[in-house]
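We number each residue from 1, following the sequence as shown.
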Amino acid sequence: MIGRKNMGRASPLLLVLLALGLFFAMYNLLTLVIQYKDSSSGAGSGIPDPVIRMPTNLRKLGKSNLKFHVALTATDAPYSQWQCRIMYYWYKKMKNMPGSDMGKFTRVLHSGRGDHLMDEIPTFVVDPLPEGLDRGYIVLNRPWAFVQWLEKATIEEEYILMAEPDHIFANPLPNLAHGDNPAGYPFFYIKPTEREKIVRKFYPEEKGPVTDIDPIGNSPVIIKKSLLEEISPTWVNVSLRMKDDPETDKAFGWVLEMYAYAVASALHGVRHILHENFMLQPPWDLEVGKRFIIHYTYGCDYNMKGELTYGKIGEWRFDKRSYLSGPPPKNLSLPPPGVPESVVRLVTMVNEATANIPGWDSLNSG
């Protein structure tokens with residue numbers, strides 16, 4: 001009976017202990033909430049840190065304020081030319097805006113001869129690989145083009161942005177690199193750890209774990225010029241060796257040269273700061289936001305309800321491959337309602353460029 005009475009009535013000491021426990025629990029909870037708000041607000045945006053991996057000591061230094069040279073490799077094919085013209089238009093618009101660290105611009109033309117855009121876009125002509133060496137995979141000319149350009153050209157800036165014709169600057173781009181740590185973009189389809197068996201052919205175990213190979217391509221990358229001078233010859237050699245190996249060529253396909261750059265960088269002990277905001281790729285990335293480069297490598301196909309029909313030609317579409325033999329016309333139709341902002345922004349920016357680039361319709365007349 002005594003036991004039953006005590007069960008129905010708590011002692012004063014127990015009540016005090018429970019009160020203290022609840023006080024400390026609530027205090028800790030409020031502290032965590034306040035700390036979360038402070039850490040996530042930044043400048044009041046509430047957006048998570050877009051930097052995936054950066055050494056702690058580099059985070060404390062802040063961003064670099066050194067200018068970088070914008071360099072893209074290209075051919076003299078009409079398909080490459082019209083993309084370069086749009087890319088250069090938006091470079092000029094963004095170059096001097098607040099927050100930009102862009103320096104000069106070079107189209108590294110690996111056709112071995114000049115073309116009719118030489119007076120419109122700053123261009124440096126280099127040789128392609130010897131005939132047959134690229135085995136029809138024209139992208140293999142990219143590392144060889146950089147080797148020649150770095151050796152022969154006068155480049156004032158200490159850093160270089162490796163870019164591509166199908167890039168559009170959506171926001172002013174700062175120098176995201178820090179000293180000997182280049183800045184790169186993490187591609188979801190570059191997975192060295194899942195390809196270890198193949199990667200080990202070119203990155204032996206004595207060099208270190210496969211996790212030392214960054215999930216990147218060469219573009220976009222902002223890198224110290226001196227580092228790129230060291231990496232580029234290795235990048236050429238690894239690319240050619242990968243292409244010569246049937247298993248590797250089949251496994252890597254159209255991203256072979258990207259894997260080659262990632263491996264070449266790791267062979268030189270170079271690690272990249274991975275920055276998600278470096279680039280977006282419509283239609284998979286839905287908003288531009290604070291991202292810096294639009295990469296329009298994927299086709300954008302939608303029905304008139306604004307629904308993605310990827311893999312099937314849509315009632316409305318924008319795909320750069322629709323214009324292999326010549327430039328897209330001016331004033332492309334905008335997507336239907338419901339299509340992501342990133343796709344609308346892409347087409348709007350293409351339209352602005354084509355409306356303002358002199359002689360757009362006469363691209364193929366030169």
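One N or O on the side chain of Asn303 and one on the backbone of Gly306 form a donor-acceptor pair closer than 3.5 Å. Glu247 contributes no side-chain N or O that, together with a main-chain N or O of Ile198, makes up a donor-acceptor pair within less than 3.5 Å. Formation of a donor-acceptor pair under 3.5 Å by the Ser265 side chain with backbone atoms of Tyr261 is found in this model. Side-chain atoms of Glu196 never come within 3.5 Å of backbone atoms of Pro192 as a donor-acceptor pair (strictly under, hydrogens ignored). Formation of a donor-acceptor pair under 3.5 Å by the Asp214 side chain with backbone atoms of His272 is found in this model. A distance-only check finds a donor-acceptor pair linking the side chain of Arg200 to the backbone of Pro204 [under 3.5 Å]. Formation of a donor-acceptor pair under 3.5 Å by the Thr75 side chain with backbone atoms of Ala77 is found in this model.
Taking the side chain as every heavy atom from C-beta outward, Phe278 and Ile222 approach each other to under 4.5 Å. At a threshold of 4.5 Å between non-hydrogen side-chain atoms, the residues Asn218 and Phe146 count as touching. Taking the side chain as every heavy atom from C-beta outward, Asp76 and Leu117 never approach each other to under 4.5 Å. Using a 4.5 Å cut-off on side-chain heavy atoms (C-beta onward), Glu352 and Trp90 make contact.
A distance of 9.5 Å separates CD of Glu164 from CD1 of Ile293, quoted to the nearest 0.5 Å. Taking CD1 of Ile294 as the start and CD1 of Ile86 as the end, the distance is 11.5 Å to the nearest 0.5 Å. Annotation: the span from Met258 atom CE to Trp235 atom CH2 amounts to 10.5 Å, rounded to 0.5 Å. Annotation: the span from Arg142 atom CZ to Leu129 atom CG amounts to 12.5 Å, rounded to 0.5 Å. Note that the NE2 atom of His268 and the OG atom of Ser232 stand 8.5 Å from one another [nearest 0.5 Å]. Rounding to the nearest 0.5 Å gives a distance of 14.0 Å between NE2 of His110 and CZ of Phe124.
Hydrophobic clustering (ILVMFWY, side-chain heavy atoms < 4.5 Å, transitive): Tyr310 and Leu286 are in distinct clusters. Both Ile190 and Trp284 are part of a single hydrophobic cluster, where members link through side-chain heavy atoms under 4.5 Å apart. Residues Leu133 and Phe202 share a single hydrophobic cluster, defined by chaining ILVMFWY side chains whose heavy atoms lie under 4.5 Å apart. Placement of Tyr296 and Leu334 within a single hydrophobic cluster is found when ILVMFWY residues are connected by side-chain heavy-atom separations under 4.5 Å, directly or transitively. Grouping the Ile, Leu, Val, Met, Phe, Trp and Tyr side chains by contacts below 4.5 angstrom, directly or via other members, places Met97 with Met102.
Salt-bridge check for Lys104 with Glu156: passed, with a basic side-chain N closer than 4.0 Å to an acidic carboxylate O. Between Lys312 and Asp301, no side-chain nitrogen of the basic residue sits less than 4.0 Å from a carboxylate oxygen of the acidic one, so the salt-bridge criterion is not met. Between Asp244 and Arg135 there is a salt bridge, since at least one side-chain N of the basic residue sits less than 4.0 Å from a carboxylate O of the acidic one. Note on Lys225 versus Glu157: no salt bridge recorded, every NZ/NE/NH1/NH2 to OD/OE distance being 4.0 Å or above. Ion pairing of Arg345 with Glu287 is absent here, as no side-chain N (NZ or NE/NH1/NH2) approaches a carboxylate O to less than 4.0 Å.
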Does the side-chain contact (heavy atoms from CB on, under 4.5 Å) test come out yes or no for Lys320 and Tyr79, once each step is laid out? CA-CA 8 Å; Lys320 66 177 184 177; Tyr79 177 65; 3.0 Å; yes
Please report the C-alpha distance between Val263 and Met242 in whole Å, then the side-chain angles of each, then the deciding distance to 0.1 Å, and finally whether the side-chain contact (heavy atoms from CB on, under 4.5 Å) criterion is met. CA-CA 11 Å; Val263 169; Met242 285 184 171; 4.0 Å; yes
What verdict does the ring pair (Phe, Tyr, Trp, His ring centres under 6.0 Å) test give for Phe169 and Phe292, after you've listed the backbone C-alpha separation in whole Å, the side-chain angles of each residue and the deciding distance to 0.1 Å? CA-CA 6 Å; Phe169 293 108; Phe292 299 109; 9.5 Å; no
Start with the C-alpha distance between Arg317 and Ser322, add both sets of side-chain angles, then the distance that settles side-chain contact (heavy atoms from CB on, under 4.5 Å), and finish with yes or no. CA-CA 9 Å; Arg317 78 180 323 228; Ser322 299; 3.4 Å; yes
Intermediate values then yes/no, salt bridge (charged side-chain N to carboxylate O under 4.0 Å, His left out), Glu276 and Arg291: CA-CA 8 Å; Glu276 284 188 322; Arg291 300 190 184 194; 5.8 Å; no
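With Leu173 as the partner, the side-chain contact (heavy atoms from CB on, under 4.5 Å) test is satisfied by one option alone out of Leu161, Asp101, Val70: Leu161.
In this pair, Phe318 and Tyr323 present their aromatic rings tilted. The plane angle is within the 30 to 60° band. A perpendicular orientation is assigned to the rings of Trp82 and Trp360, their planes being inclined by more than 60° (bins at 30° and 60°).
The shortest non-hydrogen separation linking Tyr203 to Ala266 is CE1-CB, 3.6 Å. Nearest heavy-atom pair across Arg271 and Pro182 is O-CD, 3.3 Å. Closest non-hydrogen pair, Pro233 versus Val147, comes out as N-CG2, 3.8 Å.
Side-chain contact, Gln81 with Asp115: a donor N or O sits under 3.5 Å from an acceptor N or O.
Other cluster members for Met118: Leu109, Val125, joined by side-chain heavy-atom distances under 4.5 Å among Ile, Leu, Val, Met, Phe, Trp and Tyr.
Geometrically, Lys243 engages Tyr137 in a cation-pi contact, judged by NZ or CZ lying under 6.0 Å from the ring centre and within 45° of the ring axis.
Aromatic rings of Trp149 and His69 (six-membered ring for Trp) have centroids within the 6.0 Å cut-off, being under it. Centroid-to-centroid, the aromatic rings of His178 and Tyr159 stay 6.0 Å apart or farther.
Partners of Gln281 under the side chain to side chain contact (heavy atoms under 4.5 Å, CB included) rule, at least two apart in sequence or in another chain, are Tyr185, Phe187, Tyr189, Met279, Asp285, His295, Thr297, Tyr298. Taking Pro128 as the reference, Asn141 meet the side chain to side chain contact (heavy atoms under 4.5 Å, CB included) condition, with sequence neighbours excluded.
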